[in-house]
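What you see below is based on every heavy atom in this structure, not just the backbone, and it leaves out hydrogens, waters and symmetry mates.
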Amino acid sequence: MKKIMAILALVIICQAGYSQKNVNDLFKEFSKTNNVTTINMGEITMKFASLFSDTMGVDGIEVYSLEDCTNDVKEKLSKAVSQLKDNKFETMVNANENGERTKVLVRIENEMIREMVIVTTGSDAALVRIKGKIKPSDIERMVNKHGKGES
């Protein structure tokens with residue numbers, strides 16, 4: 001009986017772990033979905049952009065807009081976000097309003113934001129990943145600036 005209980009516990013733990021997604025799984029899964037609009041700006045593009053604007057240490061940006069996807073795909077994203085668990089990231093924002101969810105995750109190394117992930121669900125569903133060496137003070141400065149309606 002103890003062996004059976006141990007096996008059942010192991011099966012339950014494995015299933016729970018299998019259903020959880022990490023950030024990379026999430027991006028891989030939805031990058032292959034029909035009607036996803038994708039924008040990728042890599043390191044070369046960002047270096048070029050830095051000639052004209054302060055890129056604040058951003059090396060790359062990936063955007064997957066699911067706005068033109070079916071409601072089934074958007075519901076699949078919503079479920080995936082609820083199962084999102086990645087020990088490399090800290091949740092900075094987790095908001096749920098009018099059936100739409102916004103989650104902002106950051107991966108910090110040596111007091112620098114190395115990766116920021118923004119996920120929104122609902123009618124304007126999207127996945128955004130920003131990579132680089134970003135100072136938290138730069139993010140705070142941008143939030144303060146745009147929160148006051150400045151350009």
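Shown are L66, T70, V73; of these, the side chain to side chain contact (heavy atoms under 4.5 Å, CB included) with T33 is made only by V73.
Judged purely by distance below 3.5 Å, without hydrogens or angles, the side chains of R129 and N40 never pair a donor atom with an acceptor atom.
Looking at heavy atoms from C-beta onward, I61 lies in side-chain contact with M41 at the 4.5 angstrom threshold. Counting only heavy atoms from C-beta outward, the side chains of E75 and T121 never approach each other to under 4.5 Å. Proximity of E67 to T37: side-chain heavy atoms (C-beta onward) are nowhere separated by under 4.5 Å. Residues V36 and C69 have side chains in contact (heavy-atom distance under 4.5 Å, counting atoms from C-beta outward). Looking only at side-chain heavy atoms (C-beta outward), V117 and F27 come within less than 4.5 Å of each other. Looking only at side-chain heavy atoms (C-beta outward), M116 and I134 stay at 4.5 Å or farther from each other. Considering only heavy atoms from C-beta on, R114 stays 4.5 Å or farther from K131 through its side chain. Side-chain atoms of L26 and D86, non-hydrogen and from C-beta on, never get closer than 4.5 Å to each other.
Counted within 6.0 Å of NZ on K74, heavy atoms from surrounding residues, nucleotides or ligands total more than 12; the atom is thus considered enclosed. In this structure, M56 places its CE atom where more than 12 heavy-atom neighbours from other residues, nucleotides or ligands lie under 6.0 Å away.
Note on V106 and V93: same hydrophobic cluster, where clusters join Ile, Leu, Val, Met, Phe, Trp and Tyr whose side-chain heavy atoms are under 4.5 Å apart, directly or indirectly. Linking Ile, Leu, Val, Met, Phe, Trp and Tyr whenever their side-chain heavy atoms come within less than 4.5 Å puts I118 and I39 in one cluster.
A distance of 9.0 Å separates OG1 in T102 from CG in N94, rounded to the nearest 0.5 Å. Atom-to-atom distance recorded for K103:NZ and N96:CG is 10.5 Å, nearest 0.5 angstrom. Here the straight-line distance linking atom CG of N24 with atom OG of S31 works out to 10.5 Å at 0.5 Å rounding. Atom CD1 of I113 sits about 9.5 Å away from atom CD1 of I130, to the nearest 0.5 Å. Here M92 contributes atom CE and I108 contributes atom CD1; the two are 6.0 Å apart, rounded to the nearest 0.5 Å. Taking NZ of K47 as the reference point, atom CD1 of I44 lies at 8.5 Å (rounded to 0.5 Å).
Legend: residues meeting ring pair (Phe, Tyr, Trp, His ring centres under 6.0 Å) with F30, ordered by chain and number and at least two apart, are absent. For K88, the salt bridge (Lys or Arg N to Asp or Glu O under 4.0 Å) test picks out no residue, with sequence neighbours left out.
No donor-acceptor distance shorter than 3.5 angstrom exists from the side chain of N110 to the backbone of M112, with no hydrogens or angles considered.
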